[in-house]
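Worksheet: one structure, shown below.
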2 protein chains.
Amino acid sequence: MAKTNYAKYVIMGLLSGCPMTGYDIRKWADECLKYLLMDMSYGQIYPILNQLERDGLATVAVGSAGKRPESKTYRLTEKGLETITAWIRSPDTKEYDVLLKMCFGSLISTDEMIGKLKAYRQKREAELAIMDRYLADAGDETVYGPNALYMSMITMLGITYFKDEVAWCKDAITLLEKKKRKESDGTR
Amino acid sequence: MAKTNYAKYVIMGLLSGCPMTGYDIRKWADECLKYLLMDMSYGQIYPILNQLERDGLATVAVGSAGKRPESKTYRLTEKGLETITAWIRSPDTKEYDVLLKMCFGSLISTDEMIGKLKAYRQKREAELAIMDRYLADAGDETVYGPNALYMSMITMLGITYFKDEVAWCKDAITLLEKKKRKESDGTR
DNA sequence: AACAACATGTAATAAGTTACATGATTGG
DNA sequence: CCAATCATGTAACTTATTACATGTTGTT
């Protein structure tokens, strides 16, 4: 239900870390992306990879070291790096922008990432504040009939997700601030 | 990133509870569906509503009580009810099938819903068991470079989500089993 | 010898977004 | 009277799924 055009950015983000084949990307998506409730199929990955090369955002090496001769390893170009960094830096509009961008957080400054997390946390806190009403609505049998019990269970899970995210944001911000202090210690 | 064809089923599920307009559906999606990380736009809802009517899955009443004269209230037909019930009952293949079907759980027996939840819980428990390895991988700087810290933070959030789901499943199963006992008390 | 994993792709189709277009009613 | 909410829709476009098609390499 997303259709968010994340695939292209996720691929560029990954490639910014290290060169990869389409197969590698798919494997990563299967193992890691699912924790963020997403997926990417080959039918999506390969065309995007071709597009990236065509647009000068990536270069391709056929049969790189440690890979099969038919494999195509993609490497992000300077232009590609600029493009993905610009996306990470851009305003977070969609629900999962922050979480997804976080995967490639090193592309922007620690301060910028902290800013994103603070905003995200605030947003979730605000949403949590109005969620009690939804929970009451969900349990209202005049609205949901026999589904009222089920709807309130789902709403409770949603509240749990959001509470976790708030707590997680707090921890993440603390961690990043520690990291920042260490960085400035190093430059001093 | 989903493109899962959930929209049609969600709309039918909602309509099975009570007749609604496209606007009502959109509002519900905006308020409630987002807790399951989904969304539905008007550009999606209205065409689906027309399609449901065309296919005899829903009937429409223009300008119902309490609504504006131009409003179109959709009501699920017997055929529509059968279609949505068949979907709820069908095997859960996609990541979020169980959670979404849960919203309209009253369409199937309590036992069937318990079965789905038990399977879902088991699946998540199995996934959690292999997640420690991913967490170690995520923190590996030789793989993720400067993103290692970020990747491990995201993986930790993922683990938290899954743990919550396991705990939530347990509670939900307990609740439904209590409900079942009450039901059988009533029929005795 | 068989099977899992590695490896790449395409075409048809389906699904979803975005922007546009319009207008009435209600509450402050 | 202005803004928010109610209310419906379409068209162009983009994005994603599914099923197909093919072949190699490493492990048991």
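Numbered from 1 within each chain, the chains take letters A, B, ... in sequence-line order. Atom set for the values below is all heavy atoms of this structure, side chains included, hydrogens, waters and symmetry mates excluded. Source: prediction; values computed, not measured.
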### Query
Counting any heavy atom closer than 4.0 Å, what does B:Gly22 reach on the DNA or RNA strands: base, sugar-phosphate only, or nothing?
sugar-phosphate
### Query
Out of C:dA7, C:dG9, C:dT17, which nucleotide sits closest to the side chain of A:Ser71?
C:dA7
### Task
Return the nearest nucleotide to the side chain of B:Ala7; candidates are D:dC6, C:dA7, C:dG16.
C:dG16
### Query
Donor-acceptor pair under 3.5 Å: do we get one between B:Arg68's side chain and the base of D:dA7?
no
## Note on the structure
Closest of C:dG9, C:dC6, C:dG16 to the B:Gln44 side chain is C:dG16
### Task
State which of C:dT26, C:dT8, C:dT10 makes the closest approach to the side chain of A:Tyr23.
C:dT8
### Query
Across the strands shown, which category fits A:Thr21 at heavy-atom distances under 4.0 angstrom: base, sugar-phosphate, nothing?
sugar-phosphate
### Task
Check every atom of D:dG9, D:dA7, D:dG23 against the side chain of B:Tyr74 and return the nucleotide holding the closest atom.
D:dG9
### Message
Could you walk me through whether A:Glu127 and B:Lys34 satisfy the salt bridge (Lys or Arg N to Asp or Glu O under 4.0 Å) test, starting with their C-alpha distance in whole Å, then the side-chain angles of each, then the deciding distance to 0.1 Å, before giving a yes or no?
### Response
CA-CA 11 Å; A:Glu127 282 164 336; B:Lys34 82 151 128 182; 2.8 Å; yes
#### Entry: Nearest listed nucleotide, side chain of B:Lys67, among D:dA7, C:dA15, D:dT10
D:dA7
### Query
When B:Lys179 is tested against each of B:Glu177, B:Lys182, B:Glu183 for side-chain contact (heavy atoms from CB on, under 4.5 Å), which residue passes?
B:Glu183
### A:Tyr42, nearest nucleotide to its side chain (from C:dG23, C:dT8, D:dG9)
C:dT8
### Query
So what does B:Ser41 hit on the nucleic acid, given a heavy-atom distance under 4.0 Å: a base, only sugar-phosphate, or nothing?
base
